[in-house]
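Shown next, in structure tokens, is the structure this report addresses.
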Amino acid sequence: MGSWDWSIIQRCWPLMRDAAWVSINLFAWSLVLATGLGFVLALMRMSPIRYLRWLSALYVLIFRGLPALVILFFAYFWVGRSLNLSPFQSGVVGLSVAAGAYKAEIIRAGLLAVGRGQYEASEALGLSRAHLMRRIIIPQAVRVMIPNYMSNATLLLKSTSLASVIGITELTGRARQLANSTYKPIEILTAAGVIYLALTTVLTVSQEILERRFRLKT
Amino acid sequence: MASLVSVKGLKMSFGDLEILKGIDLEVRRGEVLSIIGPSGSGKTTILRCLNLLERPTGGQIDIDGQNLCNEDSDGQMEYATKRNLREIRKGIGLVFQQFNLFPHMTALENIVEAPMAVNNVDRSTAVEAARDLLESVGLAKWADHYPLQMSGGQQQRVAIARALAMEPAVMLFDEVTSAVDPELVGEILLVMRHLAEQGMTMLVVTHEMNFAADVSDRVLFMDNGVVVEEGPATQVLGAPQNARTRGFLRAVRDRAPMDEEQQ
Amino acid sequence: MSIDTIQEYVPIILKGFWITVRLFLWSLIFSTVAGFILALMRISSVAILRWISGLIGWLFRGIPLLLILFYAFFALPEISRSLMFDPFWAAVVGLSIWTAAYQSEAIRSGIIAVEKGQFEASEALGMTKRHYMRRIVIPQSIRITVPPFIGNAINTMKQTSLAAVITVPEMTLLARQIISEDFKVAEPLLALAFIYLVLTTLLLMVQLGLERIFRLKV
């Protein structure tokens with residue numbers, strides 16, 4: 001085992017830092033879209049219209065049954081090319097569509113976890129359905145969802161690495177490039193790993209903060 | 001005088017299981033009616049039908065001149081529309097066995113939520129009214145506490161205040177002391193007694209016989225989905241006509257000698 | 001796009017099927033063994049074992065699988081000549097350690113779910129530790145561990161697709177090749193998606209079946 005070369009990390013740092021920002025960007029966009037999609041799917045699943053319920057369940061079944069890489073290929077080669085999207089946009093579409101299926105289940109579980117009594121009390125008080133959802137159900141559902149939502153978000157962050165396969169220069173892709181061009185894979189890949197660990201730690205800390213903020217006061 | 005609550009031929013089935021087999025009852029304005037009976041007799045189901053939380057499979061319900069459900073000429077059930085139902089429910093207050101307070105809101109917030117959202121009351125008026133209500137149930141200092149910070153008895157009193165905030169014409173109480181520790185039952189019953197003394201029309205499903213005896217005007221004994229006996233409280237509880245009523249009351253009194261002392 | 005073309009491509013892509021299956025099975029075996037070891041370390045009374053296991057788990061759950069695969073493929077050979085794997089085994093190494101990090105949590109939660117009180121009761125009754133483990137702990141632990149364990153296994157199956165990125169000729173790589181060679185996008189991807197859906201659905205049915213068996217055992 002040779003010696004560890006710190007200087008290579010220093011020299012490559014700007015490139016890696018910029019690539020990390022691309023990863024974060026991919027993550028942020030995909031998280032927002034996936035959450036929105038998941039919410040719509042969850043509501044569909046709970047709708048009185050059978051067709052909507054069925055559609056939502058089918059979506060979840062298909063997109064949880066496919067590897068994320070395959071979904072990304074669909075997004076890039078098929079959807080992206082038909083709609084003339086940039087690689088980044090295709091990446092976001094692919095990641096959102098894949099993650100949305102998981103978010104749907106998480107959100108649905110959260111909504112279901114709010115006991116029936118809360119619905120009944122609100123109905124008895126004459127609150128409208130919209131008001132009931134907004135002020136009573138969703139705040140309580142959010143509290144239940146946080147752990148699963150955040151751990152899924154962490155998975156999403158890590159899955160942005162797949163975007164390198166469709167040509168987006170995010171952190172993992174850049175790391176691979178540099179590892180090969182500098183012939184110092186250990187240093188470069190380890191540095192990339194450290195950056196990812198830092199990012200996932202941020203998410204874990206956020207999760208704890210959120211859990212505390214939403215905890216019921218006893 | 002026309003009844004505030006009028007129920008005719010109420011039937012309720014869940015699938016093949018017939019819970020209510022044709023119930024008639026009337027409650028006049030200002031009256032307190034207690035419904036007693038063994039578990040499974042259908043007492044809770046009656047209250048839930050009165051609010052249309054369950055949809056009856058037969059019969060007619062009218063509350064404060066508004067029709068909640070009835071059978072049309074073909075025997076098909078007609079129910080109040082969603083919009084009408086919300087209006088009607090403003091006039092009915094329901095207090096649940098499990099309290100069903102909103103755990104993420106303080107006592108005060110629980111109480112002002114519906115008046116502000118449904119009746120468009122402005123915040124300062126609503127808050128003032130809420131504080132008065134909390135005072136009347138003995139919880140003035142607990143306005144900013146959360147449900148889980150309070151005992152079962154306190155939570156139920158907040159639930160009563162929350163229902164009262166909508167200024168209903170009639171209050172329905174569904175075994176409101178059953179889920180509460182025995183030593184906290186008294187504080188809830190006290191609130192209900194005061195409410196009765198102020199002239200509120202109340203339908204109370206309960207097993208607290210002493211409360212039924214002291215506070216109700218009339219008592220209705222149910223068993224197996226039918227009304228077995230009904231009449232003035234003193235009569236049904238003191239000198240019941242029906243053998244089944246006598247059997248039930250004997251079993252209840254033997255079970256809990258301490259109730260007698262809670263006078 | 002025609003159904004016939006899709007049908008044509010299925011057998012071509014299936015040439016990679018056995019590689020996919022072998023990747024999956026080897027990773028499953030290694031990750032289960034490693035997962036057990038990590039789980040037992042994590043609940044051991046020896047602090048340093050707990051610490052090491054916790055660190056490994058945190059590390060490998062905190063960075064993307066793709067990065068782990070790159071590490072296995074590019075960096076390990078640099079550390080030592082003897083660690084130069086061919087792509088297939090590099091993929092197995094990466095997949096195994098990644099899955100193990102998650103399986104250790106599933107196994108651990110099963111073990112700790114059996115409360116201490118039961119152990120004390122068993123001691124008071126004069127049971128041997130072995131009897132206790134066999135009749136009390138394992139039946140209860142299995143019921144808790146099996147669902148997330150199989151969930152992780154299904155994930156591993158899907159993630160075998162990443163091996164394509166380090167040139168393992170499994171199904172996703174073959175589909176990718178068809179895209180570049182035949183200039184067709186929808187057909188190969190749909191064929192690939194179809195195959196994966198069949199595989200994951202089969203595994204899901206296994207999971208449901210196992211859950212039913214364990215519920216009956218109550």
Side-chain angles (χ1 to χ4, degrees), chain A residues 1-2 23 61-82 98 151 154-155 157-166 170-173 175-180 183-201 203-204, chain C residues 1 20 58-80 98 102 151 154-166 170-173 175-176 179-180 183-190 192-204:
Chain A
M1 181 150 173
S23 296
L61 193 65
I62 292 181
F63 286 100
R64 287 206 313 179
L66 291 176
L69 187 57
V70 174
I71 298 176
L72 265 183
F73 280 165
F74 268 106
Y76 179 71
F77 288 113
W78 196 4
V79 175
R81 287 204 184 146
S82 323
S151 70
T154 309
L155 280 169
L157 175 62
K158 292 185 291 175
S159 68
T160 58
S161 59
L162 295 179
S164 60
V165 182
I166 56 174
E170 49 69 66
L171 184 54
T172 306
R176 176 196 190 161
Q177 247 175 39
L178 292 171
N180 286 333
Y183 295 102
K184 303 243 180 212
I186 305 178
E187 286 89 339
I188 300 287
L189 291 176
T190 308
V194 168
I195 298 178
Y196 273 114
L197 283 171
L199 291 173
T200 51
T201 307
L203 281 179
T204 310
Chain C
M1 171 172 71
T20 298
W58 175 75
L59 198 65
F60 288 102
R61 286 191 303 268
I63 62 182
L65 174 58
L66 195 54
L67 197 64
I68 298 175
L69 288 179
F70 284 159
Y71 216 96
F73 193 52
F74 295 118
L76 285 184
E78 297 288 315
I79 298 178
S80 149
W98 180 79
Y102 289 96
I154 297 182
N155 272 337
T156 306
M157 215 286 297
K158 294 192 294 178
Q159 301 287 38
T160 56
S161 59
L162 290 188
V165 184
I166 55 173
E170 51 75 67
M171 300 194 293
T172 308
L173 185 65
R176 179 73 183 81
I179 295 180
S180 6
F183 296 106
K184 285 208 200 304
V185 171
E187 289 89 339
L189 285 182
L190 285 171
L192 183 66
F194 173 72
I195 299 173
Y196 272 118
L197 281 175
V198 167
L199 282 173
T200 49
T201 310
L202 280 172
L203 283 175
L204 270 175

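Here the structure is a predicted model, which means the values were calculated and not measured. Every chain is numbered from 1 and lettered A, B, ... according to where its sequence line falls, protein lines coming before strand lines.
The minimum heavy-atom distance linking Lys158(C) with Arg64(A) is given by the pair NZ-O, 2.7 Å. Here the closest non-hydrogen pair linking Pro64(C) and Lys158(A) is CB-O, 3.5 Å. Across all their heavy atoms, Tyr196(C) and Val70(A) have their closest contact at CE1-CG2, 3.8 Å. For the residue pair Leu67(C) and Leu189(A), the shortest heavy atom distance occurs at CD1-CD2, 3.8 Å. In terms of heavy-atom proximity, Ser164(A) sits nearest to Leu66(C) at OG-CD2, 3.6 Å. What you find for Glu78(C) and Tyr183(A) is that their closest heavy atoms are OE1-O, 4.3 Å.
Residue pairs meeting the side-chain hydrogen bond (donor to acceptor under 3.5 Å, both in side chains) criterion with at least one partner in residues 65-77 of chain C, sequence neighbours excluded, are Thr190(A)-Tyr71(C).
The CD1 atom of Ile71(A) lies 9.5 Å from the OG atom of Ser161(C); values are rounded to the nearest 0.5 Å. The structure places CZ of Phe73(A) at 9.0 Å from CG of Leu192(C), a figure rounded to the nearest 0.5 Å. Rounded to the nearest 0.5 angstrom, Ile63(C) CD1 and Leu199(A) CG are separated by 12.5 Å. Residue Leu155(A) holds its CG atom at 11.0 Å from CG of Leu65(C), rounded to the nearest 0.5 Å.
Here Leu197(A) is the residue among Thr200(A), Leu197(A), Thr154(A) with the most heavy-atom pairs under 4.5 Å with chain C. Each of Pro185(A), Pro67(A), Ala175(A) has some count of heavy-atom pairs under 4.5 Å with chain C, and the biggest count is that of Pro67(A).
Both the backbone and the side chain of Val165(C) come within less than 4.5 Å of a heavy atom in chain A. Leu59(C) touches chain A through backbone and side chain together, each having a heavy atom under 4.5 Å away. Contact of Ile62(A) with chain C is made through backbone and side chain together, with heavy-atom distances under 4.5 Å. Using a 4.5 Å cut-off between heavy atoms, Ala179(A) does not touch chain C at all.
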(request) Please lay out, stage by stage, how Phe74(A) and Leu190(C) fare under the test side-chain contact (heavy atoms from CB on, under 4.5 Å). (result) CA-CA 9 Å; Phe74(A) 268 106; Leu190(C) 285 171; 3.9 Å; yes
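Contact of the Arg176(C) side chain with the Phe77(A) side chain is registered, since non-hydrogen atoms from C-beta on lie closer than 4.5 Å. For the pair Leu162(A) and Leu162(C), the minimum side-chain heavy-atom distance is below 4.5 Å.
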